[in-house]
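This report concerns only the one structure given below.
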Amino acid sequence: MQASNLNKREQVTRAMEEEVRLGIQQGLDGFFADFHSHPKSAGGVKWFTEKSFMLRDAAHRVDPNFKILPCIYSSTKTLGAKGGADIGMSPEKYANSEIIKRIAKHPAALRLPDGKLVISMWFSEKHSPGWWKKVLEQMKKNGYPAVLVAHFNTKGQLQAFKDAKVCYGMAQWGCRHVCDYSWGKLGRKYTDLVIYPVSSQDVRSRGCSLWEAEGSGLLRNLWTLARRDNADWVFMDTWSDYTETPMAPSTYIGFVPFDLNAYYSQWFKTGKQPEIVRDRLYYFY
């Protein structure tokens, strides 16, 4: 069937099937995808959220073992790294979202062996540990028990989240320049599941800012530190956010980050450095 005979949703889903195949070839076990818990408009965030559901459909079609970890925004404009967003939305309203109910029913959703749904949200500390605890309690009442993988943008609330026993695991957005970034050692004090950030660069078309990545130095350094610090998981930030740090192959980016990530992800997962069987020259600008 030609694409012209497909509706828009099916065209997007089939394109995302190729994204999933590329991710699998790179060594990924899944994507974490953004959803909005209460999208209001017909366009904008509502279409954005629907595309994340299409990605789930695509993942399940290509490989049922390739999972999607939902990062579900609370749709509040109130910020603050100490639970400031609690004022903007009740945990019950968040947990009762129709979007979350749809997520919980989808077969591509990442789950633990006991069946619990795994959820996350970037800048998790904008809500307090108590707020998250109520979210998980309400989700359990609703019939879809879940665990939280917190994705922090700061480090000031790590102890509070540990004390509340609300996290299954912890991730950190991380650095965007070459340094001895020791999130693995720090995170191990607060959680049994440490998730390391890996990124190739951070050059933002919105805001006109950048951090010096030193060619491939940032990417190679973060993978090396993830191994050194015995990280349990790796989050590759990001696959397709073209306003920040995309690593998906494209006519603009090419396949250089893809090839390097495939090499280092195999090394990370097996503990053995892959054998280099042919020469290849990579250049960064």
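By convention here, the first residue in the shown sequence is residue 1. As a basis for the values below, the full set of heavy atoms in this structure was taken, side chains included, without hydrogen atoms, waters or symmetry mates.
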Which residues pass the side-chain hydrogen bond (donor to acceptor under 3.5 Å, both in side chains) test with H177, not counting sequence neighbours? none
Hey, could you give me the [atom1]/[atom2] distance between [X] and [Y], rounded to the nearest 0.5 Å?
X: L218; Y: W211; atom1: CG; atom2: CH2; value: 11.5 Å
X: I68; Y: F35; atom1: CD1; atom2: CZ; value: 7.5 Å
X: T245; Y: L210; atom1: OG1; atom2: CG; value: 11.0 Å
X: K141; Y: N96; atom1: NZ; atom2: CG; value: 10.0 Å

Note: [X]-[Y] ion pair, threshold 4.0 Å (strictly below):
X: E137; Y: K140; result: no
X: R21; Y: E18; result: yes
X: D241; Y: R204; result: no

I need the minimum non-hydrogen distance between [X] and [Y], along with the two atoms involved.
X: K133; Y: A164; result: NZ-O, 3.2 Å
X: V234; Y: A226; result: CG2-CB, 4.1 Å
X: K46; Y: P39; result: CA-CB, 3.6 Å

Verify the distance criterion only: is there a donor paired with an acceptor across the side chains of D86 and S128 at less than 3.5 Å?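 Note: D86 and S128 side chains meet the donor-acceptor criterion.
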Between T154 and E125, does any side-chain donor sit less than 3.5 Å from a side-chain acceptor? yes
Joint cluster assignment, M121 & L110, ILVMFWY side-chain distance < 4.5 Å: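 No, M121 does not connect to L110 through the hydrophobic network.
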Mind checking whether Y252 and Y242 have ring centres under 6.0 Å apart? no
What's the verdict on salt bridge (charged side-chain N to carboxylate O under 4.0 Å, His left out) for E50 and R102, showing C-alpha distance, side-chain angles and the deciding distance? CA-CA 11 Å; E50 284 304 313; R102 285 177 62 191; 2.8 Å; yes
Between R228 and D180, does the salt bridge (charged side-chain N to carboxylate O under 4.0 Å, His left out) criterion hold? Intermediate values first, please. CA-CA 11 Å; R228 182 198 70 181; D180 186 7; 2.8 Å; yes
Greater than 12 external heavy atoms within 6.0 Å of K67's NZ: yes
Is there side-chain contact between N261 and V198, with heavy atoms separated by less than 4.5 Å? yes
Please tabulate, for the side chains in residues 166-174, all donor-acceptor contacts under 3.5 angstrom to protein atoms that are two or more places apart in sequence or on a different chain.
from, atom 1, to, atom 2, distance (Å)
Q172, OE1, G174, N, 2.8
Q172, OE1, Y181, OH, 2.5

From the options H151, H36, H38, select the one residue that forms a ring-ring contact (aromatic ring centres under 6.0 Å, His included) with Y73. H36
Going by the angle between their ring planes, with limits at 30° and 60°, are [X] and [Y] parallel, tilted or perpendicular?
X: W239; Y: F31; result: tilted
X: W233; Y: F235; result: tilted
X: F255; Y: F258; result: perpendicular

